[in-house]
Structure formats: C-alpha cells, structure tokens
Amino acid sequence: MTVTIRDATPDDLPALIDQLRAIHAECGIGRLDEPKAIATIERVLADGAVFVAELDGAIVGSVGLTADSWWYSQDRFLIDVWTFVQADARKTSAATWL
C-alpha cells in the first residue's frame, strides 16, 4: 500500500466534501453548517494550500492550510484549517506524510 501525496485541485472538491461529512460524523462537535464549510474548502483551495493523500487512487486524507497572522502582529504563518485521514487509512503513512 503506497500512499501518494499531491496538491488538490478543484476537481477534488466532491471528495473533500465527503471528508467534511466524515469528519463531522466522527467528531460530531457542533451543528454542521454545510454551506459555510463548503465555502471554506473552496476558499482554501483557491487561496491557500490543500494536499490530499491517495491510496490505490482514492483520496483517503487531506490537509488544508491558509496564511494568517497572530491577533497581535502582522507576521504571517501557515495554519491548518483541517487535517483528516479516513479511519481505514490511519495505519498507513498518510497522516505522517500530510
């Protein structure tokens, strides 16, 4: 089982939305505002960096990064908006590579 990491593309949006639903189903924290969450994924795809982990051609994980600054400074840094690896892929190297 070889895990491949690559830049996400807009074509990956449906898989990323599926992961969003899986994250919420697993964690269940708060009420899911799916339109807001999808808009966030789209924004990070357009303006940030999104990497996906593939296993046998299927996306099994992703990380979304965006540039931000501390509340007290103009210094910018990368912050993760989400990191997720499907439960059945957690014993692979996907999380480590992401």
Side-chain angles (χ1 to χ4, degrees):
M1 286 194 291
T2 302
V3 174
T4 304
I5 305 297
R6 64 171 176 78
D7 291 335
T9 69
D11 291 339
D12 295 319
L13 185 60
L16 294 171
I17 293 170
D18 287 344
Q19 286 195 339
L20 154 70
R21 293 178 181 133
I23 291 167
H24 188 264
E26 188 172 315
C27 299
I29 299 171
R31 192 172 28 125
L32 177 60
D33 182 340
E34 194 164 301
K36 179 181 179 181
I38 292 170
T40 299
I41 294 169
E42 291 171 331
R43 179 181 52 80
V44 176
L45 270 170
D47 300 330
V50 179
F51 300 98
V52 295
E54 289 184 324
L55 184 61
D56 298 328
I59 294 176
V60 297
S62 64
V63 61
L65 305 168
T66 190
D68 206 343
S69 61
W70 297 106
W71 62 272
Y72 57 83
S73 172
Q74 293 301 315
D75 294 340
R76 297 183 61 79
F77 62 95
L78 285 177
I79 185 169
D80 67 313
V81 180
W82 74 84
T83 304
F84 183 73
V85 175
Q86 292 173 195
D88 59 347
R90 291 184 185 153
K91 291 187 179 184
T92 70
S93 60
T96 303
W97 285 109
L98 285 171

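FYI, side chains are in, hydrogens and waters are out, and symmetry mates aren't considered; it's all heavy atoms of this structure.
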Please answer: with hydrophobic residues joined when any side-chain heavy atoms are less than 4.5 Å apart, are [X] and [Y] in the same cluster?
X	Y	answer
Val60	Ile17	no
Ile59	Ile23	no
Ile5	Phe84	no
Val85	Val52	no

Looking only at heavy atoms, what is the nearest atom pair of [X] and [Y], with distance?
X	Y	result
Val3	Ala53	CG1-CB, 4.0 Å
Val50	Gly64	CG2-CA, 4.2 Å
Gln19	Ser62	OE1-OG, 2.6 Å
Thr66	Arg43	OG1-NH1, 3.9 Å
Gly61	Leu98	C-CD1, 3.8 Å
Ile79	Asp68	CG2-CB, 4.0 Å

(message) Can you confirm whether Leu20 sits close enough to Leu32 that some side-chain heavy atom of one is under 4.5 Å from a side-chain heavy atom of the other?
(response) yes
(message) So Asp7 and Phe51, do their side chains get closer than 4.5 Å, heavy atoms only?
(response) yes
(request) Give, for atom CG of Leu16 and atom CD1 of Ile38, the distance between the pair rounded to the nearest 0.5 Å. (result) 10.5 Å
(message) As an exercise, state the distance from OG1 of Thr40 to CH2 of Trp82, rounded to the nearest 0.5 Å.
(response) 8.0 Å
(request) Sequence neighbours left out, what pairs pass salt bridge (Lys or Arg N to Asp or Glu O under 4.0 Å) with at least one residue falling in residues 10-29? (result) Arg6-Asp12, Asp18-Arg21, Arg21-Glu34, Glu26-Arg90
(message) Has His24 got a side-chain atom pairing as donor or acceptor with Asp33's backbone, closer than 3.5 angstrom?
(response) no
